[in-house]
Amino acid sequence: MRVQKKPVIDLGCCIECGVCIDLAPHAFEIKDAGYVDIRPLDRYEDDQDILEAVKNCPRDCISWE
């Protein structure tokens, strides 16, 4: 069985720029408390929008778990 990877956000370096939300709003959201979070999805790593969000994060705060 293949293990599914999931994006994780290092909140210590995230500046809430919104690039991830602009590129993949179905996968990322800003919580009411003001931090970016990952929306629950069945799959993440094969989604081109999520891959673009990870690649374009200006602070490289998104990685794969």
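When reading the values below, keep in mind they use all heavy atoms of this one structure, side chains included, and skip hydrogens, waters and symmetry mates.
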Handout entry: Under the salt bridge (charged side-chain N to carboxylate O under 4.0 Å, His left out) test, residues paired with Glu16 that sit two or more places apart
Key = none
Handout entry: Separation of SG atoms, Cys13 and Cys61, below 2.5 Å
Key = yes
Exercise for the section: Would you please name every residue forming a side chain to side chain contact (heavy atoms under 4.5 Å, CB included) with Pro40, sequence neighbours left out? Expected result: none
Exercise for the section: Please round to the nearest 0.5 Å and tell me the distance separating atom CG of Asp37 and atom CD1 of Ile21. Expected result: 10.0 Å
Problem - Side chain to side chain, Gln4 and Arg43, heavy atoms closer than 4.5 Å - result: yes
Exercise for the section: Side-chain contact test, heavy atoms from C-beta onward, threshold under 4.5 Å: evaluate it for Val19 versus Cys57 and give yes or no. Expected result: no
Problem - CG on Leu51 to CG on Asp46, rounded to 0.5 Å - result: 7.5 Å
Problem - Heavy-atom side-chain contact between Val8 and Ile38 under 4.5 Å - result: no
Exercise for the section: Kindly indicate whether the side chain of Ile50, heavy atoms from C-beta on, has any atom under 4.5 Å from the side chain of Ile62. Expected result: no
Handout entry: Beyond-backbone contact of Trp64 with Glu45, side-chain heavy atoms, under 4.5 angstrom
Key = yes
Exercise for the section: Would you check if Cys20 and Val36 make a side-chain contact, meaning some heavy-atom pair closer than 4.5 Å? Expected result: yes
Handout entry: Non-hydrogen atoms of Asp22 and Pro25 that approach each other most closely
Key = O-CD, 3.9 Å
Handout entry: Counterpart residues, salt bridge (charged side-chain N to carboxylate O under 4.0 Å, His left out), relative to Lys6 (two or more places apart)
Key = none
Problem - ILVMFWY cluster, Ile15 and Ile9 together (side-chain gap under 4.5 Å) - result: no
Exercise for the section: Identify the two heavy atoms, one from Arg39 and one from His26, that lie closest to each other, and give their separation to 0.1 Å. Expected result: CD-O, 3.1 Å
Problem - Within-4.5 Å side-chain heavy-atom neighbours: Phe28 and Leu23 - result: no
